[in-house]
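A short write-up of the structure that comes next.
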Amino acid sequence: MKVTIIGGGAYALGLSFMFHENTNEITIYSKVKEEIEALKKYRKNDQYLKDIIIYDDILLTTNLEEAITDSDLIVIAVATRYIESICQEIRKYYQKQHLLIASKGIDQNKLLFASNIVKSIINTDRIAVISGPTFAMDLANKQICGLALASHSQETTYVVKTTLENHYLKL
């Protein structure tokens, strides 16, 4: 499956290793040009995940349309305060893909969960949320981890489980 991860931070990178474990085609999108350029050049980000090398077959881009076109699953892994703005951008190119929210917390201005914000902007039931006590470094180092997965859509639950769950990560 084609998985697009929105965000270039620690958790987004950590999740990319779990998706990669299941031989998915992965694209990481960030609107921060310098971040993507550094990831392309060095294939790592010592600020977030010291000495962890990003697989060569993971595509890195600042082009959102390119990132999500023909994607099966879009993973939103940005700070909660940015979810509203990134969803406004995603909506322009959204083609009924499944959405997985990996952002943690509540929007401090609107006092809403990330799933409420996403649903209000991208009108779909194909939304799932992962939550739980995992760290990006543990995911990147393939430590055994567990997350809770919630969705109103059985199809989305199935897509997330088959693309993300593996020997190291249980949902």
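Remember, it's a predicted structure, so these values are computed and weren't measured experimentally.
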So, is the end of the K142 side chain (NZ or CZ) under 6.0 Å from the ring centre of F17 and within 45° of the ring's axis?
-> no

[X] side chain to [Y] main-chain N or O, any donor-acceptor pair under 3.5 Å?
X    : Y    : answer
N22  : T163 : yes
K41  : I36  : no
R43  : Y55  : yes
K119 : T124 : yes
D72  : M1   : no
N141 : Q143 : no
N24  : F19  : yes
Q108 : I106 : yes

Hey, is E84 close enough to K110 for a salt bridge, meaning N to O under 4.0 Å?
-> yes

Salt-bridged, E165 to K170, with N to O below 4.0 Å?
->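 A salt bridge is absent here (no side-chain N lies under 4.0 Å from a carboxylate O).
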
In sequence, state the C-alpha distance, the side-chain angles, and the governing distance for E155 and H98, and then conclude on side-chain contact (heavy atoms from CB on, under 4.5 Å).
-> CA-CA 9 Å; E155 183 183 3; H98 299 278; 3.6 Å; yes

Any chance the side chains of S153 and Y158 put a donor and an acceptor closer than 3.5 Å?
-> no

So, E35 versus S30: side-chain donor-acceptor pair below 3.5 Å or not?
->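 S30 and E35 do have a side-chain donor-acceptor pair below 3.5 Å.
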
Specify the closest pair of heavy atoms between [X] and [Y], including all atoms of both residues, with the distance to one decimal.
X    : Y    : value
L164 : M18  : CD1-CB, 3.6 Å
G14  : L139 : O-CB, 3.5 Å
P133 : G146 : CD-O, 4.1 Å

Rounded distance (nearest 0.5 Å) linking atom [atom1] of [X] with atom [atom2] of [Y]:
X    : Y    : atom1 : atom2 : value
L73  : T156 : CG    : OG1   : 8.5 Å
L147 : I130 : CG    : CD1   : 5.0 Å
L169 : E21  : CG    : CD    : 10.5 Å
T62  : I28  : OG1   : CD1   : 13.5 Å
T80  : K104 : OG1   : NZ    : 10.0 Å
R126 : H152 : CZ    : NE2   : 15.5 Å

Quick check: are there more than 12 heavy atoms from other residues, nucleotides or ligands sitting under 6.0 Å from CG of N123?
->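 12 or below, so no.
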
Heavy atoms of other groups near Q154 CD, more than 12 under 6.0 Å =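 No, the 6.0 Å shell around CD holds no more than 12 heavy atoms from other groups.
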
Quick check: do [X] and [Y] have side-chain heavy atoms less than 4.5 Å from each other?
X    : Y    : result
I5   : V3   : yes
D51  : K44  : yes
H167 : I144 : no
I54  : L13  : yes

Answer yes if F113 and Y11 sit in the same cluster of Ile, Leu, Val, Met, Phe, Trp and Tyr residues linked by side chain heavy atoms under 4.5 Å apart, and no otherwise.
-> no

Test S71 against Q97 for side-chain hydrogen bond (donor to acceptor under 3.5 Å, both in side chains), laying out the working first.
-> CA-CA 7 Å; S71 184; Q97 295 99 326; 5.3 Å; no

Derivation of the side-chain contact (heavy atoms from CB on, under 4.5 Å) call for T4 and I26 | CA-CA 6 Å; T4 298; I26 303 161; over 6 Å; no

Under a side-chain separation threshold of 4.5 Å, the hydrophobic residues clustered together with I68 are I6, Y29, L64, I74, I76, V78, Y82, I83, I86, I90, Y93, Y94, L99, I101, L112, I117, V118, I121, I122, I127, V129

